[in-house]
Structures are given as C-alpha cells and as structure tokens.
K.L.:
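Quick one: structure below, then a few questions.
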Amino acid sequence: MQCLRSPSSTLLQSLDTAKHTARRLIPSQRIRVVSGTAHFYQNKQLEVYASRETKRLTLRQLIFYGRSINEDRLIKSANYVRTELPVRIAHRLRDLQTLPYVVVTQEGIAKVYELYWSAFEKFRRYPQINTVEENQAFCAFLRTLLDEHSTVIPSLSLGMSLSSPYLEPERLDSFMRRMLVSRISRRVLAEHHVALSATYEARKAGDKRSNDHVGIIHTGLDVKKSIQRCTQYLRNRPLDIDNDFPPDKISKAEWSEVIVDGHLGTKFAYIREHLEYIIFELLKNSFRASRKAHPHENKLPPIRATIVAGGNHVMIRISDQGGGLMIPQIQSPSDLFSFSHVRNATRLQAERLGALRQVSTNPRGVWATVHEQVDNWQQTPDEFQRSTVSETEDNLNPHPRLGIGLPMSNIFATYFGGSLELVSMDGYGTDVYVRLPRLGTNLELIEV
Ligand code: COI
C-alpha cells in the first residue's frame with residue numbers, strides 16, 4: 001500500500017495510532033486527520049519490525065566474515081544489512097513514540113523522527129539483492145542515507161537539551177544512550193558493507209595489494225600513530241582558538257607537547273575512526289585545559305598519553321596538568337556525559353543551543369570535524385591527513401563548544417564493551433582512562 005503523507009503529518013499520525021496519552025494536548029490545527037488506514041498499516045509494520053530481535057555482532061565476526069569476501073558472501077552481507085537496519089531503526093522509532101508529546105515534537109527530535117521513518121520505509125520496501133550489480137545500487141542507496149543522516153547527532157542533542165526540563169535525567173540519558181549507540185551500530189553495518197563491496201570490486205578489477213583493513217576495521221591499528229596523528233592536527237591550530245588567550249602571549253607560546261609512553265608497539269583490530277574520535281576529543285580537552293590553566297607561560301606543561309596492552313584490553317591514559325575539571329555546574333565527572341541540564345547546566349546555555357541549531361542545519365560548518373569527515377574508509381593515511389585538514393579549516397575559527405565530544409567518546413568506548421573514566425585532581429589536572437576490548441569478542445552493546 002502506498003502511503004502519501006507530508007513529513008510532519010507522520011509523527012502526529014503515529015502518535016495518534018499509538019494512542020499517545022498526551023494526545024489531548026495537540027493543538028487542533030496541527031492534527032491532520034487523514035483516513036487513518038494508511039498510517040494504521042504503517043504502524044502495524046513498525047510493530048512487526050520492532051518486535052524482532054536485533055542480530056548483534058562482534059568485531060571478530062565482522063572481520064572473519066569479510067576477510068575472504070566473495071560474491072556469495074557479499075550478497076549475504078547486503079541482505080543482512082537490508083533486513084537488519086529496519087529492525088534497529090524500528091526499535092528507535094518505538095522509543096521515540098513513547099516520549100512525552102512535548103519532547104517528541106521538539107525542534108531537532110521531530111526532524112530525527114521524520115528521517116528515521118523515511119529510512120525505515122525505504123529499507124522495508126527495498127527488494128532482495130541477488131546480484132553484484134544490485135549490490136552496487138544498494139551501496140549507492142546506503143551512501144545517500146548515510147549522508148542524509150549526517151546531522152542526526154547535533155539535532156538530537158539540540159532537541160534533548162530543549163526537552164531537558166520535561167524529562168527525568170535518568171530517562172533522558174538512557175534514551176539518548178540507546179539512540180546514539182544504535183546509530184553508531186547502524187552506521188558501522190552500512191559503512192562496513194560499503195567498504196567490503198569496494199574491496200570486492202577492487203579485487204575483481206585485479207588489485208592484488210594486501211590490505212590492512214577488513215571493511216572498516218583496521219586489523220593492525222597502531223595506537224601510538226593514532227595519538228600522533230590527532231596530536232599533529234590539534235597542535236597545528238592557532239593557540240587563540242577561543243579568542244581568550246592574552247594577546248601578548250600568543251606569538252611566543254605554543255600548545256603543550258604530547259609525550260607518548262608505555263607499550264609503544266601496541267596494535268589491535270579496531271575501527272580507526274572510533275579510536276581516533278576518542279583520542280581526538282580527549283586531547284583537544286587536555287590541550288585547552290592546559291592552556292587555560294597556564295595563561296602566562298610560554299611553555300605549557302606536557303600532556304602524557306600512556307598506552308598499555310593488557311591481555312583483554314588496550315588501555316590508554318591521558319593525563320594533563322590543566323587544573324582538573326572544577327566546573328561549578330558539575331558535581332561528578334560523569335555528569336559531563338549527561339544531556340540533562342539537571343546534571344550538566346551547560347546544556348541549556350543559549351550560545352550552545354545556537355551553535356547546535358547552526359550545525360544541525362549545516363553539517364559542513366563547525367560540525368565538520370576531523371572524525372565526522374572521515375567517511376571514505378578506503379583512504380590511505382596520507383589522504384586522510386590531507387582531506388581532514390583541508391575540510392576542517394572552518395574549525396580553525398573560534399566557535400562555541402557543542403558539548404558533544406565527551407558524551408560521544410564515552411558512547412564510542414562502550415559500544416563494543418570498553419569504558420571511559422575521568423578522574424579530576426582538582427587544582428592540578430585530569431586523568432582520563434580509556435579501555436577498549438582487544439580480542440573483538442564482545443557483542444555490540446545495543447539495547448532494545
Ligand atoms: C543514521 O546515521 O542515523 C542511520 O541510521 C544511518 C543508516 C540509515 C544508514
């Protein structure tokens with residue numbers, strides 16, 4: 001059955017069908033009571049998909065399956081993605097439908113809801129893939145969706161900040177966590193499949209080069225090199241990035257040095273963009289804190305990044321002398337991961353909301369940071385360096401902080417069962433401990 005609907009009517013209709021408790025509150029002029037049948041059918045479909053369990057994977061499964069990719073495996077992978085993504089999206093759509101009306105209609109949230117409905121419908125209707133040519137078309141379809149969804153995180157963050165006064169902090173944060181982990185998981189599956197397809201096509205065309213990637217997973221990721229790559233990028237920025245450094249100091253001072261020590265030869269199989277997202281955000285915070293805590297010193301105290309390869313985990317500790325967290329609005333360091341203004345008062349700051357509004361409509365603006373731009377998984381490190389540096393030039397301008405980096409780093413670290421902990425030594429500095437699974441045997445931590 002073909003459903004004809006305007007984007008904004010979808011949300012209202014689904015709330016209607018779900019007999020949302022707050023329905024009485026919907027201003028009458030906003031309700032478009034259509035026949036109801038089409039949407040009833042749609043919501044029935046949603047329920048069918050939302051009642052299915054997700055087929056969660058481990059990194060190791062993704063590697064083993066993709067290692068010897070052939071036509072048969074590629075087609076199976078395509079159909080797995082085609083059938084698994086609508087299930088994962090359906091769970092989140094149901095989750096959105098259970099939010100209070102005042103939240104779900106909030107700027108940002110409503111936009112995400114519409115994007116997910118549209119993606120759900122497209123996946124649900126996508127025909128089975130049987131040939132390599134059909135898979136090429138499917139990859140083009142995935143790339144378009146990945147692009148269309150590029151502003152989901154700032155939109156969600158904006159919407160949840162605006163909704164913060166209407167939701168318990170626990171509920172808000174657990175909802176956000178489910179949304180963000182699920183989003184990472186969907187993008188991993190889609191991007192992995194697109195990358196596997198590219199490898200398959202390259203091999204078919206005679207490319208015999210050995211590859212240190214299986215899909216999007218780097219099989220021998222060098223932790224020290226990732227730290228150095230992020231350091232080099234961050235240290236190349238002007239010191240007065242926030243426009244708040246004493247002008248007389250700018251010409252002489254430079255960013256802290258980063259000393260890397262510990263098990264320097266550590267390599268493991270992981271998604272490089274996830275590791276570098278985390279390192280990039282943590283180092284960025286440490287650089288900024290060190291500079292702010294020592295405004296009159298030309299030589300800022302170093303930041304130490306220690307790598308330890310344990311039996312089951314790779315651990316990274318980043319220690320700075322940036323004075324510790326000491327943020328008056330924050331009671332415990334983990335509150336920095338919260339999207340609720342009750343735990344983290346910065347969430348409702350007008351400047352931050354304005355910046356989120358801007359990036360959620362313009363992904364090439366401040367949101368175009370090093371990790372967000374790396375969606376071409378086939379790039380060599382040199383190409384990566386060039387493209388990220390050139391694409392992030394906008395970022396060299398001062399801009400209000402979005403407050404997304406730390407919570408997202410926490411979500412990235414925990415996605416395959418790792419952890420991220422902050423320890424503030426108030427008045428001296430901050431230590432951050434990141435623990436990432438080394439064996440790849442943990443299932444994705446997505447909640448239903
Ligand atoms: C997202 O980025 O939120 C997605 O769900 C991506 C997926 C539709 C390919």
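Both counts, for ligands and for their atoms, begin at 1 and track the order of listing. Just so you know, these numbers use all the heavy atoms, side chains as well, and skip hydrogens, waters and symmetry mates.
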K.L.:
Tabulating one pair per line, provide the atom names and distances (0.1 Å) for every N/O atom of ligand 1 that is less than 3.5 Å from a protein N/O atom.
P.N.:
{"residue": "ligand 1", "atom": "2 (O)", "partner": "Arg183", "partner atom": "NE", "Å": "3.3"}
{"residue": "ligand 1", "atom": "2 (O)", "partner": "Arg187", "partner atom": "NH1", "Å": "2.6"}
{"residue": "ligand 1", "atom": "3 (O)", "partner": "Tyr116", "partner atom": "OH", "Å": "3.3"}
{"residue": "ligand 1", "atom": "3 (O)", "partner": "His149", "partner atom": "ND1", "Å": "3.1"}
{"residue": "ligand 1", "atom": "3 (O)", "partner": "Arg183", "partner atom": "NE", "Å": "3.3"}
{"residue": "ligand 1", "atom": "3 (O)", "partner": "Arg186", "partner atom": "NH2", "Å": "3.2"}
{"residue": "ligand 1", "atom": "5 (O)", "partner": "Arg186", "partner atom": "NE", "Å": "2.7"}
{"residue": "ligand 1", "atom": "5 (O)", "partner": "Arg186", "partner atom": "NH2", "Å": "3.2"}

K.L.:
Does either side chain, that of Tyr116 or that of Arg186, offer a donor lying less than 3.5 Å from an acceptor on the other one?
P.N.:
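Short answer, yes.
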K.L.:
Taking side-chain contact (heavy atoms from CB on, under 4.5 Å) as the definition, give me every residue that meets it alongside Asn410, ordered by chain and number, with sequence neighbours left out.
P.N.:
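Residues passing side-chain contact (heavy atoms from CB on, under 4.5 Å) with Asn410: Phe337, Thr414, Leu420.
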K.L.:
side-chain contact (heavy atoms from CB on, under 4.5 Å), that's the test. Do Tyr415 and Ile411 meet it? Break it down for me.
P.N.:
CA-CA 6 Å; Tyr415 169 47; Ile411 303 256; 5.5 Å; no
K.L.:
Among all residues two or more places apart in sequence or in another chain, which pass the side-chain contact (heavy atoms from CB on, under 4.5 Å) test with Asp222?
P.N.:
Lys224, Lys225, Lys267
K.L.:
Can you pull the salt bridge (charged side-chain N to carboxylate O under 4.0 Å, His left out) pairs that have at least one residue in residues 126-143, sequence neighbours excluded?
P.N.:
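Qualifying pairs: none.
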K.L.:
Counting neighbours of CD on Glu170 that are heavy atoms of other residues, nucleotides or ligands and sit closer than 6.0 Å, is the number greater than 12?
P.N.:
yes
